Structures are given as structure tokens and as C-alpha cells.
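For reference, the structure is listed below as C-alpha cells.
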Amino acid sequence: MSNPVLVDVADHIALITVNDPDRRNAVTFEMSAGLRRAVDAAEADDDVHAVIVTGAGKAFCAGADLTALGEATEDGLRRIYDGFLAIADCSLPTIAAVNGAAVGAGLNLALAADVRIAGPAALFDPRFQKLGIHPGGGATWMLNRAVGPQAARAALLFGMRFDAESAVRHGLALEVADDAVAAGRALAAGPASAPRDVVIATKASMRATANPGTVDSDQHRVAVDVEIGPQATSIESPEFAARLAAAKRR
């Protein structure tokens, strides 16, 4: 099997690519661990000032691998979350170059970044409710923060999806670009040309002042803990087992 996470560092920018295009970059335990290693390496590399994450092939990330999800306990869920939480916790500026569908955990991966750039084929789809499972990984908090309560509730309670244009309209993406990675590199040229310690300190200050008295990563951890019990319960339900079996037959 090819490496599920590829990393290329150039011009002070680390491009991290989730790399399982045959399965639309579905998140496995191995891919999640690879994302964590890639982010840790970027943070440890003084030559890296910014991070871009994207998907190989036509999809950004089709969500959690259903087999891994179906077997997951709370501990397993946290292992699936760990990759996109690494992006969320990253001390460096992060950009999601969303080249295609970002579904479920893939939407979480996109939401974990500081900025999202949508390719023409981008689709932001929660799909938790359609699968019969409770949102997890801090999705309720991240989506509320990104688009506000009404659009977040429309997405998580009513199944609304966002194409590239509507994502920009709702503030979920910064812009639509024919080449999302190239647009991400152009944006990342800012921190790439600035002193690394200033870049890191500026991001830390913005996290601390978004809601003075708290740090946003602490709020995210609380959201993860709130969601994980209901999500684990929903995965153990007969309804999800039936949906999982039907999906595997397709």
C-alpha cells in the first residue's frame, strides 16, 4: 500500500496530502496517525512557516473509513479524530485546499484548518445524520464557529450541504480557485516570508483573543468530550449496523 500521507516541503510551506484516492481518501487509523506525524514534523522543522492540507485525486476526504468507524469504541474514535485534531492544534497557520468532496470526518479535517480554499468541485457535506450517527470530533463547535448557528444547524440537523460557491457565501471557504493548492500556496506566501516566531505568536494571540479568557483549542477539546459519548452510542445502535452493512454491499 502506498503511503497514506505525503509531505512535500518547499518555500517554507509544508504540503500534506492524504493519499488514498481509490477510496476517496477515507480516514483510517493509519492515515490519522500519519497526519499527526506530518504535523508534528512540520512544527519541529524551523524551515516550515505554514501548512497546506489537501487530498489526492478527485476527493478531499470522504470521511472515516466505515469499517474502522463501525469497530470504534470511544478510544477508537479518538484515534480517528487525532489526525484532524493535529491540524486543529497546529501552532503554524494552516490552509485546507479542498479539491473535492469533504464528507463527515473529511469535513472535520477541512474545518480544522485556519482557512479553507475551495476548488470548483468542492463539496462540504456533514452527512453524520444520513449515516445515522452523532457528529464527533468537535464538529458541532467547529461548524458553529465557521458559519454561525443557523447555517450550522441547517447542516447538522437538516442535512444542508455546501458547494464551492455557497461555502464562500456562508463563510465556510475564503474563495473558490481553479487550483486550490496553488491558491493555498499563494496565500501561504505571507507567513512563509515572515519571521517564524512572529507567525506562531500571532496565531497564538488570535486563538487567545477570539473569546478572551479562553483558548479556542481548549473549547474544541470540550466539544470533543461532549460529543464522544453520544457518537459512540449511535455507532453501537442496530440502525447504524444496518446502514453499515448496506454500505458494504454496494
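Numbers here are sequence positions counted from 1. Just so you know, these numbers come straight off a predicted model, no measurement behind them.
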When you measure from the side chain of [X] to the backbone N and O of [Y], does any donor-acceptor pair fall under 3.5 Å?
X: D8; Y: L15; result: no
X: H220; Y: V215; result: no
X: D11; Y: I13; result: no

Sequence neighbours left out, cut at 3.5 Å: what donor-acceptor pairs do the side chains of residues 93-100 make with other protein atoms?
| residue | atom | partner | partner atom | Å |
| --- | --- | --- | --- | --- |
| T94 | OG1 | D114 | N | 2.9 |
| T94 | OG1 | D114 | OD2 | 3.1 |
| N99 | OD1 | T54 | OG1 | 3.3 |
| N99 | OD1 | G55 | N | 3.3 |
| N99 | ND2 | G55 | O | 3.1 |
| N99 | ND2 | G57 | O | 3.0 |
| N99 | ND2 | A59 | O | 3.2 |

Rounded to the nearest 0.5 Å, what separates atom [atom1] in [X] from atom [atom2] in [Y]?
X: D89; Y: F84; atom1: CG; atom2: CZ; answer: 11.0 Å
X: F162; Y: L172; atom1: CZ; atom2: CG; answer: 6.0 Å
X: Q150; Y: N144; atom1: CD; atom2: CG; answer: 11.5 Å

Give the table of side-chain donor-acceptor pairs shorter than 3.5 Å for residues 182-192, with sequence neighbours excluded, one pair per line with atom names and distance.
none

Set of side-chain hydrogen bond (donor to acceptor under 3.5 Å, both in side chains) partners for E43, sequence neighbours left out: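 With sequence neighbours excluded, E43 shows a side-chain hydrogen bond (donor to acceptor under 3.5 Å, both in side chains) to S91, given in chain and number order.
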Steps toward side chain to side chain contact (heavy atoms under 4.5 Å, CB included) verdict (L92, R196): CA-CA 9 Å; L92 299 166; R196 190 176 194 261; 3.8 Å; yes
Pairs involving residues 129-141, ordered by first then second residue, that meet side-chain hydrogen bond (donor to acceptor under 3.5 Å, both in side chains) (sequence neighbours left out): T140-E227
Selection residues 117-128 - residue pairs positive for side-chain hydrogen bond (donor to acceptor under 3.5 Å, both in side chains), sequence neighbours left out: D125-R127
Criterion side chain to side chain contact (heavy atoms under 4.5 Å, CB included) on L143 and F124, from CA distance to verdict: CA-CA 11 Å; L143 202 52; F124 301 84; over 6 Å; no
Closest non-hydrogen atom pair, S32 against R79: OG-O, 2.6 Å
Of R221, K203, R207, the residue whose pairing with D216 passes salt bridge (charged side-chain N to carboxylate O under 4.0 Å, His left out):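 Of the listed residues R221, K203, R207, the salt bridge (charged side-chain N to carboxylate O under 4.0 Å, His left out) partner of D216 is R207.
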D65 with R24: basic N within carboxylate O range, under 4.0 Å: no
Pairwise ring-ring contact (aromatic ring centres under 6.0 Å, His included) hits with a residue in residues 16-67, at least two apart: H12-H49
Criterion side chain to side chain contact (heavy atoms under 4.5 Å, CB included) on L35 and V27, from CA distance to verdict: CA-CA 10 Å; L35 275 168; V27 179; 5.8 Å; no
Side chain to side chain contact (heavy atoms under 4.5 Å, CB included) between R78 and D225, intermediate numbers included: CA-CA 10 Å; R78 291 186 187 275; D225 291 341; 3.0 Å; yes
Side chains of R37 and V7 in contact at under 4.5 Å (non-hydrogen atoms): no
